[in-house]
J.: 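To start, I am sharing the structure in question, which I have written as C-alpha cells.
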Amino acid sequence: MNKRNLALLYIITPFILLGLIILWILAPSFRTTEKLYYIPQVGMYLKIIKPPLSRYGYALFNKDSIFSLSEKSDYIKVYKSETASFNIIINPNIENKLYFDDRFNFSVPHPVKYNICKINFRDTTFFEMHNVAGTRTCLLKHPYIAITVDGYLESVYTTNSYEEYLNKIEPMRK
C-alpha cells in the first residue's frame with residue numbers, strides 16, 4: 001500500500017465509524033414497536049402498535065391474544081402527539097360494545113366485531129361529577145371499567161367504579 005492510499009484510509013476511517021455509531025443510535029427508531037396487554041377485568045387483549053416514521057399509532061383489541069393490524073381488526077388509530085390519550089370504557093355485562101373518549105380528537109375508531117361509540121368525557125351515563133380535594137372530578141359509574149391509554153400509546157391504566165386511582169398495567173412478556 002502506498003502512502004497516498006494509507007493517508008486516505010486514515011481520513012475515511014473516522015467518518016465510517018461515525019456513520020456506524022449514528023446508525024446504531026438511530027436503529028431503534030426504524031423498528032415497529034408492539035406491546036401486548038391483558039385486561040383481566042373484561043377478558044380482553046390490547047395491542048399497541050407504533051410503526052416507525054409514521055404520524056399514527058394503533059390500539060387494537062381482541063378476545064384472543066394472537067391478532068394483527070389489518071382491515072379485519074378492531075382498532076383505534078391515534079395521531080402521534082404527546083397529549084394523545086384516550087379512554088376505552090367497557091360494561092363487562094355487554095358483549096362487543098366499547099365506548100371511547102378522546103378530549104382532543106386525536107383518535108379515529110375502526111370497528112369490525114366491536115361496536116365502538118365515541119362519547120364525551122363528561123357523559124353522565126358513564127361518569128359522576130364529584131368534588132375531590134376541591135376539584136370537580138369525573139368518577140366512573142358502576143359497573144364500567146375504563147382503560148386509559150396515555151402519552152401517545154406509552155402507558156396503559158385501568159380503573160373501575162370502586163377505585164379513585166389508576167392501576168398501571170405492564171405489557172406481557174413475549
Side-chain angles (χ1 to χ4, degrees), residues 25-70 73-92 96-114 116-123 126-130 132-133 135-174:
I25 291 170
L26 294 177
S29 65
F30 295 113
R31 281 189 235 132
T32 297
T33 56
E34 288 190 15
K35 295 179 185 175
L36 181 65
Y37 299 87
Y38 179 66
I39 315 299
Q41 298 93 324
V42 291
M44 184 174 75
Y45 290 90
L46 174 69
K47 184 182 281 189
I48 302 296
I49 299 176
K50 291 171 38 176
L53 306 173
S54 175
R55 295 186 322 181
Y56 297 95
Y58 302 88
L60 293 80
F61 27 92
N62 201 332
K63 295 285 185 186
D64 188 14
S65 65
I66 301 172
F67 58 105
S68 61
L69 180 62
S70 73
S73 304
D74 291 286
Y75 61 82
I76 296 175
K77 182 178 178 180
V78 182
Y79 182 74
K80 187 175 190 174
S81 168
E82 289 301 317
T83 57
S85 67
F86 60 92
N87 293 310
I88 300 170
I89 299 166
I90 302 169
N91 183 340
N96 299 335
K97 186 152 189 176
L98 303 175
Y99 306 93
F100 86 100
D101 82 82
D102 169 17
R103 296 178 194 186
F104 303 108
N105 293 318
F106 285 134
S107 308
V108 178
H110 180 267
V112 177
K113 294 178 223 152
Y114 289 89
I116 306 172
C117 304
K118 187 168 183 176
I119 62 167
N120 184 303
F121 75 99
R122 294 182 189 265
D123 190 325
F126 308 97
F127 301 101
E128 294 176 332
M129 294 300 288
H130 289 275
V132 176
T135 305
R136 302 258 315 142
T137 305
C138 296
L139 296 178
L140 200 59
K141 287 184 177 179
H142 179 75
Y144 298 104
I145 306 289
I147 302 165
T148 302
V149 181
D150 199 19
Y152 180 59
L153 306 171
E154 282 298 318
S155 304
V156 176
Y157 304 90
T158 62
T159 190
N160 59 37
S161 59
Y162 305 112
E163 302 166 329
E164 292 183 15
Y165 56 91
L166 299 171
N167 298 309
K168 185 170 185 172
I169 298 179
E170 295 299 325
M172 297 174 65
R173 303 229 186 259
K174 291 184 179 182

J.: Under the side-chain contact (heavy atoms from CB on, under 4.5 Å) test, which residues partner Tyr45, sequence neighbours left out?
T.: Leu36, Tyr38, Ser65, Phe67, Met172
J.: Does Ile147 reach the side chain of Val156, with side-chain heavy atoms less than 4.5 Å apart?
T.: yes
J.: So which pairs with a foot in residues 100-111 pass salt bridge (charged side-chain N to carboxylate O under 4.0 Å, His left out), sequence neighbours left out?
T.: none
J.: Determine whether a donor-acceptor pair (N or O, by modelled atom type, separation under 3.5 Å) exists between the side chain of Asn87 and the backbone of Ala146.
T.: no
J.: With sequence neighbours left out, write down each residue that passes side-chain contact (heavy atoms from CB on, under 4.5 Å) with Lys97, or none if nothing qualifies.
T.: Ile94, Tyr99, Asn115, Cys117
J.: Tell me, with the steps shown, if Glu154 and Lys35 meet side-chain contact (heavy atoms from CB on, under 4.5 Å).
T.: CA-CA 9 Å; Glu154 282 298 318; Lys35 295 179 185 175; 4.1 Å; yes
J.: Can you check whether Phe100 reaches Lys118 side chain to side chain, under 4.5 Å on heavy atoms?
T.: yes
J.: Of the non-hydrogen atoms in Tyr75 and Ile116, which two are nearest, and what is the gap between them?
T.: O-CD1, 4.3 Å
J.: Using a 3.5 Å distance criterion without hydrogens, assess whether the side chain of Ser73 forms a donor-acceptor pair with backbone atoms of Ser68.
T.: yes
J.: For Asn96, enumerate each residue passing the side-chain hydrogen bond (donor to acceptor under 3.5 Å, both in side chains) test, keeping only those at least two apart in sequence or located in another chain.
T.: none
J.: Could you measure the distance from the OG1 atom of Thr158 to the CD1 atom of Ile145? Nearest 0.5 Å is fine.
T.: 7.5 Å
J.: Can you name the residues that form a ring pair (Phe, Tyr, Trp, His ring centres under 6.0 Å) with Tyr152, not counting sequence neighbours?
T.: none
J.: What's the shortest heavy-atom distance between Ser85 and Gly151, and which atoms?
T.: CB-N, 4.2 Å
J.: Could you tell me which residues satisfy side-chain hydrogen bond (donor to acceptor under 3.5 Å, both in side chains) with Lys80, sequence neighbours excluded, listed by chain and number?
T.: none
J.: When you compare the side chain of Gln41 with that of Pro92, does any pair of heavy atoms fall below 4.5 Å?
T.: no
J.: Could you grab the distance from atom NE2 of His142 to atom CG of Leu140, nearest 0.5 Å is fine?
T.: 10.5 Å
J.: Does any part of the side chain of Val149, heavy atoms only, come nearer than 4.5 Å to the side chain of Leu46, both counted from C-beta?
T.: yes
J.: Among residues two or more places apart or on two chains, list those pairs meeting salt bridge (charged side-chain N to carboxylate O under 4.0 Å, His left out) that have a residue in residues 36-49.
T.: Glu34-Lys47
J.: Between Leu153 and Phe86, is there a side-chain heavy-atom distance shorter than 4.5 Å?
T.: yes
J.: Between Ile39 and Ile88, does the side-chain contact (heavy atoms from CB on, under 4.5 Å) criterion hold? Intermediate values first, please.
T.: CA-CA 12 Å; Ile39 315 299; Ile88 300 170; over 6 Å; no
J.: Are Asp74 and Asn62 close enough, and set up right, to give a side-chain contact (heavy atoms from CB on, under 4.5 Å), and what steps lead you there?
T.: CA-CA 7 Å; Asp74 291 286; Asn62 201 332; over 6 Å; no
J.: With sequence neighbours excluded, tell me which residues meet side-chain contact (heavy atoms from CB on, under 4.5 Å) with Tyr56.
T.: Ser54, Tyr58, Lys77, Tyr79
J.: Return the minimal non-hydrogen interatomic distance between Pro143 and Asn91, and the atom names on each side.
T.: CG-OD1, 3.5 Å
J.: Scan residues 53-69 for pairs that pass salt bridge (charged side-chain N to carboxylate O under 4.0 Å, His left out), counting only residues two or more places apart or in two chains.
T.: none
J.: Which atoms form the tightest heavy-atom contact between Gly57 and Pro51, and what is the distance?
T.: CA-CD, 4.2 Å
J.: Any side-chain heavy atom of Lys168 sitting closer than 4.5 Å to one from Tyr157?
T.: yes
